[in-house]
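The structure appears right after this line, and notes come after that.
As the structure is a computational prediction, the values presented were derived from the model and not from experiment. The sequence lines fix the lettering, A, B, ..., with proteins before strands; numbering per chain opens at 1.
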4 protein chains.
Amino acid sequence: MTTREEQKNQTRSKILKCAFEVFSKNGFAAPTLDIAKAAGVSHGTIFVHFSTKEDLIIQLVRNFSFKLRSTIIVPLSSPKGIENFLINYMDVIQKNEQFYIRLIGEKDLLPDEARLMFLNLQLSNARSFATIVKLQRNSMKLKNIPSTMMFNTWIGLVHYYLLNKDLFSPKGSVIKKYRDELISTYLELIRVQD
Amino acid sequence: MTTREEQKNQTRSKILKCAFEVFSKNGFAAPTLDIAKAAGVSHGTIFVHFSTKEDLIIQLVRNFSFKLRSTIIVPLSSPKGIENFLINYMDVIQKNEQFYIRLIGEKDLLPDEARLMFLNLQLSNARSFATIVKLQRNSMKLKNIPSTMMFNTWIGLVHYYLLNKDLFSPKGSVIKKYRDELISTYLELIRVQD
Amino acid sequence: MTTREEQKNQTRSKILKCAFEVFSKNGFAAPTLDIAKAAGVSHGTIFVHFSTKEDLIIQLVRNFSFKLRSTIIVPLSSPKGIENFLINYMDVIQKNEQFYIRLIGEKDLLPDEARLMFLNLQLSNARSFATIVKLQRNSMKLKNIPSTMMFNTWIGLVHYYLLNKDLFSPKGSVIKKYRDELISTYLELIRVQD
Amino acid sequence: MTTREEQKNQTRSKILKCAFEVFSKNGFAAPTLDIAKAAGVSHGTIFVHFSTKEDLIIQLVRNFSFKLRSTIIVPLSSPKGIENFLINYMDVIQKNEQFYIRLIGEKDLLPDEARLMFLNLQLSNARSFATIVKLQRNSMKLKNIPSTMMFNTWIGLVHYYLLNKDLFSPKGSVIKKYRDELISTYLELIRVQD
DNA sequence: AATGAATGAGGGTTCATTCAT
DNA sequence: AATGAATGAACCCTCATTCAT
């Protein structure tokens with residue numbers, strides 16, 4: 001790669017990184033100028049690398065989805081498969097809590113393509129979860145509920161806490177604060193008592 | 001009431017009604033001009049009745065909260081208290097599904113006062129639910145979970161379906177489509193098997 | 001005069017009175033609605049009596065000029081003619097200081113007709129003053145200066161204090177506070193020492 | 001300075017220049033759009049260079065004050081100190097007569113900061129004048145009047161002519177026309193006859 | 001590749017004036 | 001005569017996007 005290309009890639013990365021931070025903090029309605037300032041580049045440079053603001057958001061969500069996909073480990077057969085999945089899930093989200101909250105909270109501001117990508121990520125997670133649940137049914141009595149529903153209950157609970165962060169944990173991370181309670185509550189709900 | 005006042009109230013109501021529809025359809029970022037057009041009045045007329053766009057939204061949310069509050073019946077002591085509550089809850093939401101979705105999905109665009117009113121409504125519902133749960137514990141074995149968590153699981157599940165309406169039910173009402181499944185799933189989760 | 005006409009005149013007077021107060025306090029850019037509120041009449045009523053806001057202002061200035069004209073006494077031949085004139089002048093202005101300040105300070109907001117009327121008033125005063133000065137020259141040595149200039153110096157000094165009221169007397173009346181100092185200074189300036 | 005910066009400065013200067021002219025001609029209530037048109041730039045460009053209309057006015061008054069301050073020469077000890085001061089004063093004002101008239105006539109439309117700056121300029125002039133008067137008392141018999149009053153009489157006289165420009169000199173410069181008469185009148189007033 | 005000044009289509013809000021009642 | 005709801009032109013300001021350098 002030539003020096004020129006390296007330079008270009010660095011600028012692009014810097015913009016992506018700062019856009020991620022600015023959008024996380026101020027939402028997707030944040031002006032592109034703010035991103036340029038944060039990245040230390042000119043306003044126009046953003047549009048050299050991304051044809052529109054929408055395009056920038058798409059790339060951002062693409063990267064984010066990719067990162068999440070690679071981080072979410074799916075421990076298939078295991079006596080604690082579900083619990084491990086939940087713990088891992090929380091850990092992954094916590095790392096980018098703010099951005100994740102924006103994604104689920106400002107869904108309608110997203111370009112179609114971005115919305116679709118994030119949706120696919122969730123579907124993929126749902127499928128992984130379904131697989132784990134199926135395997136786990138052997139070693140643990142679980143409520144007789146479709147695995148889709150089991151996943152939706154879980155993600156619904158988590159998203160509820162995330163979207164109401166200012167209510168549950170105005171300062172620090174919601175996930176950090178409620179991680180254990182959410183997991184234990186959920187596990188308690190899905191298991192069948194002896 | 002004189003004809004004059006009636007006329008005025010009609011205009012005001014028309015604006016409120018159209019604002020409700022426009023915001024439901026396009027979100028709270030929709031231009032006030034769109035509302036004026038929908039209501040068949042001039043742009044300025046909106047500001048005759050509502051000092052600012054924020055004020056308009058506040059009135060809208062106030063009315064909405066009031067309507068919801070008066071509609072949500074709380075059947076206290078009853079063998080099917082919880083189920084009745086859930087059924088009623090779904091019915092109430094279904095009637096104004098779109099607007100409700102905007103409220104939970106664009107929380108950050110709301111004026112503080114509106115956000116607070118809607119929050120209070122939810123807290124009030126949470127309290128009602130807690131009361132019902134406590135009473136129900138006599139006649140039905142329930143999972144050993146704090147009633148707050150029980151409520152949050154329920155509302156998290158419902159909101160998840162609402163916020164992803166385009167996924168679950170792009171055309172018609174999400175609630176109508178999933179009402180029974182959501183209720184039965186939830187009831188199955190919280191009860192203790194014999 | 002029929003009762004109806006009386007009623008009409010009363011409303012008209014009330015509007016004029018309140019317009020005078022509102023304009024005095026907030027300047028001629030004050031909304032007509034404020035005047036209607038102050039007068040306890042509907043917004044439209046103003047335009048029943050005055051075709052435009054400009055017309056209202058014109059009537060106001062007409063009345064004001066008339067009142068001032070009738071109040072300014074011109075003590076012709078007298079050993080203290082000038083001093084008496086100045087004292088009287090200050091008294092008259094002081095009574096409607098606020099409005100007077102608006103007239104000289106927002107001259108450009110006035111309709112042409114109003115500006116002209118106020119101008120005529122000043123010219124009339126200038127003439128009166130000139131007459132007095134001429135008579136006084138017999139009993140008192142005065143600077144050898146055209147009487148126009150003598151008047152302009154005086155009125156310039158007074159207007160300067162009025163226009164900078166917030167500097168000289170932010171709370172109370174400027175004239176009240178500086179009346180004597182202004183008069184004595186001026187008299188000292190125009191007389192010839194022995 | 002790069003060509004780019006030059007270009008920017010030119011635009012900025014052009015806006016300032018045209019704003020100066022438009023405000024001079026139509027007063028500070030003139031729409032920013034008029035300024036944009038006069039400067040041959042788009043409406044938005046104004047707000048690229050000045051965050052608000054108020055900011056634009058502040059810069060304008062700042063520049064103006066600075067220019068005046070640097071132009072007003074204070075010939076301290078001199079047998080003709082006062083006269084020189086007056087002559088210089090008139091010359092300086094004459095150069096920007098229209099704008100100066102707006103400043104004193106629409107004081108209340110100015111942003112606080114601008115009003116304060118202009119006020120300071122006048123105070124500074126008053127002080128300079130006081131110093132000169134003190135020195136002059138040696139070589140010339142002056143009326144026994146506080147120097148504040150002497151200054152206020154002068155500035156009051158000048159401002160009176162400026163504010164009534166349409167009366168005294170509707171077409172050309174008031175100052176040009178009355179400069180000598182104002183100065184000689186004033187000098188005649190303040191001196192003590194032998 | 002990067003710059004950043006310039007653009008211009010909106011957006012919310014104000015207010016003198018009109019007119020049906 | 002009085003009402004006051006309705007009008008709509010005008011204003012200030014924002015911001016994604018363009019383009020000459």
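Atom CD1 of A:I57 and atom P of F:dA16 are 10 Å apart (whole Å). Between B:E5 atom CD and F:dT3 atom P there is a gap of 14 Å when expressed in whole angstrom units. Rounded to an integer number of Å, the gap from C:K8 NZ to F:dT3 P is 14 Å. D:L109 has its CG atom 12 Å from the P atom of F:dC12, to the nearest Å. Atom CD1 of B:I58 and atom C1' of E:dG12 are 15 Å apart (whole Å). Going from atom CD of C:E54 over to atom C1' of E:dC15 covers 15 Å, rounded to whole Å.
When the nearest nucleotides of DNA chain F are assigned to C:Q7 and D:A29 by heavy-atom distance, the more 5′-ward of the two goes with C:Q7.
Within the 6.0 Å centre-distance limit, the rings of B:F20 and B:F99 are counted as a close aromatic pair.
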> Under a 3.5 Å cutoff on both atom distances, Watson-Crick or G-U, what's the dot-bracket for DNA chain E ([ ] crossing, | other strand)?
Replying inline: .||||||||||||||||||||
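Every side chain to side chain donor-acceptor pair (under 3.5 Å) that C:T45 has, sequence neighbours left out, goes to C:S42. Qualifying side chain to side chain donor-acceptor pair (under 3.5 Å) partners for B:S13, counting only residues two or more places apart in sequence or in other chains: none. For A:D55, the side chain to side chain donor-acceptor pair (under 3.5 Å) partners two or more places apart in sequence, or in a different chain, are A:Q59. Applying the side chain to side chain donor-acceptor pair (under 3.5 Å) rule to D:R115 yields the partners D:D112; only residues at least two apart in sequence or on another chain are considered.
Comparing F:dC13, E:dA16, F:dA16 by their closest approach to the side chain of A:K53 singles out F:dA16.
A salt bridge links D:D108 with C:R102: at least one charged nitrogen is closer than 4.0 Å to a carboxylate oxygen. With salt bridges taken as basic N to acidic carboxylate O contacts below 4.0 Å, one links C:K17 and C:E21.
Between B:T52 and E:dG12, a side-chain N or O to OP1/OP2 separation shorter than 4.0 Å is absent.
Annotation for A:K107: atom NZ counts as buried by contact number, over 12 foreign heavy atoms lying within 6.0 Å.
For the segment residues 31-49 of chain D, the set of residues with a heavy atom within less than 4.0 Å of an atom of DNA chain E comprises D:V41, D:S42, D:G44, D:T45, D:V48, D:H49, in numerical order.
Donor-acceptor pairing under 3.5 Å is recorded for the side chains of C:T32 and C:H43.
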